[in-house]
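Written out below as C-alpha cells is the structure these notes cover.
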Amino acid sequence: MWSFEQPLLLGMLLLLPPAIYLVHFRPGRGGMLRAPLDRWAGAPLARSAAARVLAIAARAPFWLAAALVMVAAAGPARVRPDEVYLNRGLDLMIALDESPSMAASDLDGQRRLDAAVHVIRGFVAGRANDAIGLVSFSDRAVLRVPKTTDRAALHAALDGMDVMSLGDATAIGTGIAVALLHLQDSMAPGRVIVLLTDGDNNAGELTPEAAAALAAARGVRIYTVGIGGAGDAEIVITDPRTGLTQRGRYHGRYDPALLERVARITGGRSFAAAEPAALTAVFREIDTLERIDRRTRVQVSRQPRHRALLLAALCVLLLDVALRRVVLAELF
C-alpha cells in the first residue's frame, strides 16, 4: 500500500495542463520552434501542426520530469503493516522417518516421503509464531534444522530429504530421543513432537516406549502418525552410496499399537493416514489441538520512495537535454 506525507502537494499536478497550454498552444504566445529544420531530409516543416507536434514531443521529457518532482515533493512512501507477536508460541519438533519403505508409492501415486513433506510444508506455513525444528531418522537420527521461525531454512531441509541417507532400518526410539534432546532447554508454554513413520521399530538401543516416558517426564507431548496402507505398494529405491536403483513391491506396515502406546504415555494422540487426504486431515487436527492464545499488535513500517522518483526525474531531464541538443540540434 502507498501513502503520501503531504498529499495536498499532489495538487501541483493540476498546474501542468495550463502550463503546457501556455507554452505550446496559447495563440500569440510568441514561441517558436528553435530547431534548425533545414537539417532534416526532404521538404522543410511548415510552421503548422507538424512543427508544433515536434516541439511538444521534444519537450515531453521536461514535463514528465516536472511531474515526477511534484509527486516526490508529496512524500510518497510504501506502507506495510506487520503483525508483531507479543507472546511466545509453541516449540515443536517434527521427527520424520526416511527409511527405504518411505519410497513406497501408495499415496495416490506419490511416495510416502514426498506426501509427508508436502503436508508438513503446509502445516508449518500456518504456524507463524511457533519455533519448529526437524529431525529425520532411519538406522540413526540426526537434527536437520533446530527449532526456528526461519521457514525458508525449514523448507530447504524438507526439500533435501531422501530415503536411505541414514541407513535402511527404522529407529523410532532414537528419533524421539533426538527430537526431545532439542526441546529440553525450551521455555515455551508448550512443547510437542510430531512423529511420522511407516514402519515398525527395528533398530536403535532405546525403545519407543522408553523414549516416550522420557518425553512425558519433561512435559513433552508426542503425536504419532502412521503413514501408508497395509497392502503391497510399488517401490523404487536408489542407494545414495552406490547409485544403484532397485524396483519391486513392498509389503509392510507400521505397528499401530506401538504408536498408540507412545502417544498415550505422553498425553498425545495417535493417527493413521493411508491416503493424502487423510494425512492432510491429521495435520489439520494436530494444528487444532496444539493452539495457544496469541496476543499481537500491528506495526506499520514506512519505506520512503521519493529518492527513486527524483533519480528518475534527473534521468528524464538528461533525456530532454539529449533530445534538444542531438535530435533537434537546438542551441542553448
Side-chain angles (χ1 to χ4, degrees), residues 1-86 121-122 124-129 149-153 155-156 294-332:
M1 187 174 73
W2 290 79
S3 69
F4 294 88
E5 294 181 1
Q6 302 290 337
L8 293 179
L9 293 182
L10 291 174
M12 292 188 298
L13 293 172
L14 299 176
L15 300 176
L16 287 179
I20 294 173
Y21 172 78
L22 291 174
V23 173
H24 297 292
F25 294 96
R26 179 175 59 88
R29 65 193 180 281
M32 62 178 294
L33 182 64
R34 296 190 297 162
L37 299 179
D38 55 355
R39 75 187 292 259
W40 297 87
L45 289 173
R47 288 187 177 183
S48 61
R52 185 176 301 172
V53 169
L54 182 60
I56 296 173
R59 299 313 306 273
F62 171 81
W63 296 113
L64 176 58
L68 290 172
V69 170
M70 292 175 182
V71 174
R78 184 177 182 183
V79 178
R80 185 180 66 183
D82 295 318
E83 189 176 35
V84 179
Y85 295 96
L86 302 178
R121 288 175 64 95
V124 167
R127 304 190 66 93
N129 193 35
T149 56
D150 185 350
R151 297 300 180 250
H155 290 325
R294 297 183 300 176
R295 292 183 292 112
T296 63
R297 64 181 174 87
V298 176
Q299 179 175 297
V300 178
S301 62
R302 297 177 59 86
Q303 298 176 330
R305 288 291 186 264
H306 63 278
R307 293 182 179 178
L309 291 177
L310 291 175
L311 180 60
L314 177 60
C315 293
V316 173
L317 282 176
L318 293 176
L319 176 62
D320 175 64
V321 172
L323 284 174
R324 290 191 290 153
R325 291 293 299 270
V326 178
V327 177
L328 299 179
E330 182 176 307
L331 301 176
F332 295 94

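As a basis for the values below, the full set of heavy atoms in this structure was taken, side chains included, without hydrogen atoms, waters or symmetry mates. Remember, predicted model here, so these are calculated numbers, not experimental data. If you read the sequence from its start, that first residue is 1, and numbering goes on from there.
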Quiz prompt | Least distance between heavy atoms, Ala313 atom then Ala65 atom | solution = O-CB, 3.7 Å
Quiz prompt | side chain to side chain donor-acceptor pair (under 3.5 Å) partners for Arg305, two or more places apart | solution = Gln303
Quiz item: Nearest heavy-atom pair of Val124 and His155: which atoms, and what distance?
Solution: CG1-CE1, 4.3 Å
Exercise. Please say which of Leu16, Leu9, Leu10 ends up in a side-chain contact (heavy atoms from CB on, under 4.5 Å) with Met12.
Key: Leu9
Exercise. Name all residues meeting the side chain to side chain donor-acceptor pair (under 3.5 Å) criterion together with Arg151; count only those two or more places apart in sequence or in a different chain, and write none if there are none.
Key: none
Quiz item: Does any pair with a residue in residues 4-14 pass salt bridge (Lys or Arg N to Asp or Glu O under 4.0 Å), and if so which ones, sequence neighbours excluded?
Solution: Glu5-Arg302
Quiz item: Nearest heavy-atom pair of Phe4 and Ala74: which atoms, and what distance?
Solution: CB-O, 3.5 Å
Quiz item: Distance from Leu68 atom CG to Leu314 atom CG, nearest 0.5 Å?
Solution: 11.0 Å
